[in-house]
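Heads up: numbering here begins at 1 and tracks the sequence. The structure displayed is predicted, hence computed values, not measured ones.
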Amino acid sequence: MLRSLVGSEMCIRDSIERPGGSPNPELHRCILCWEDSVTLTIGWGDSIQVGKIGRHATTRGHQRFVEIVQAYQTDFFICGIASWGLSLIHI
């Protein structure tokens, strides 16, 4: 489970669950890659999730949240994610 993400002035108090059926988290750690200031790619075992950081107004000001906008499973285990120009490389 990914608990909080910290950016310049951003602290997200949200959690992103590991996809069901994912391999043991002790053997395959979570891999993170920021595509831009609001898009986070998360690799866990053999799955990839893309989350968008949003914000909504509350009585205590603006609060940020993570919305998973894309998720897919691969035929391989993710050991790294990197940006390469306008593309992402999943290793």
Side-chain angles (χ1 to χ4, degrees):
M1 178 182 302
L2 181 62
R3 279 278 180 204
S4 67
L5 311 171
V6 180
S8 54
E9 42 103 358
M10 174 182 4
C11 182
I12 300 170
R13 294 192 178 113
D14 205 348
S15 62
I16 302 169
E17 295 292 329
R18 251 180 350 111
S22 292
N24 185 342
E26 293 177 9
L27 299 176
H28 301 279
R29 65 185 179 92
C30 175
I31 306 292
L32 304 174
C33 180
W34 286 97
E35 291 183 44
D36 54 40
S37 61
V38 296
T39 308
L40 178 65
T41 301
I42 306 153
W44 259 320
D46 60 352
S47 65
I48 296 173
Q49 297 176 324
V50 179
K52 290 282 188 182
I53 310 302
R55 85 168 57 182
H56 55 84
T58 65
T59 56
R60 297 186 300 178
H62 289 286
Q63 200 169 28
R64 296 182 190 264
F65 63 93
V66 178
E67 177 185 4
I68 300 300
V69 294
Q70 195 173 25
Y72 53 96
Q73 199 155 13
T74 65
D75 294 334
F76 51 88
F77 291 114
I78 306 298
C79 64
I81 300 174
S83 60
W84 188 26
L86 298 176
S87 301
L88 279 179
I89 299 173
H90 304 119
I91 304 169

For I42 and C30, which heavy atoms make the closest approach, and how far apart are they? CG2-SG, 3.7 Å
How far does CG of L40 sit from CD1 of I81, to the nearest 0.5 angstrom? 8.5 Å
Among all residues two or more places apart in sequence or in another chain, which pass the side chain to side chain donor-acceptor pair (under 3.5 Å) test with E35? T41
Quick one: closest heavy-atom pair of W44 and Q49, and the distance? CZ3-OE1, 3.6 Å
Same cluster for I68 and W34 if Ile/Leu/Val/Met/Phe/Trp/Tyr side chains link at under 4.5 Å? yes
Applying side-chain contact (heavy atoms from CB on, under 4.5 Å), name anything that partners D36, two or more places apart in sequence or on another chain. V38, T39
Supply the atom-to-atom distance I78 CD1 to I48 CD1, rounded to the nearest 0.5 angstrom. 3.5 Å
Calculate, to the nearest 0.5 Å, the distance between atoms CD and CG belonging to Q73 and D46 respectively. 4.5 Å
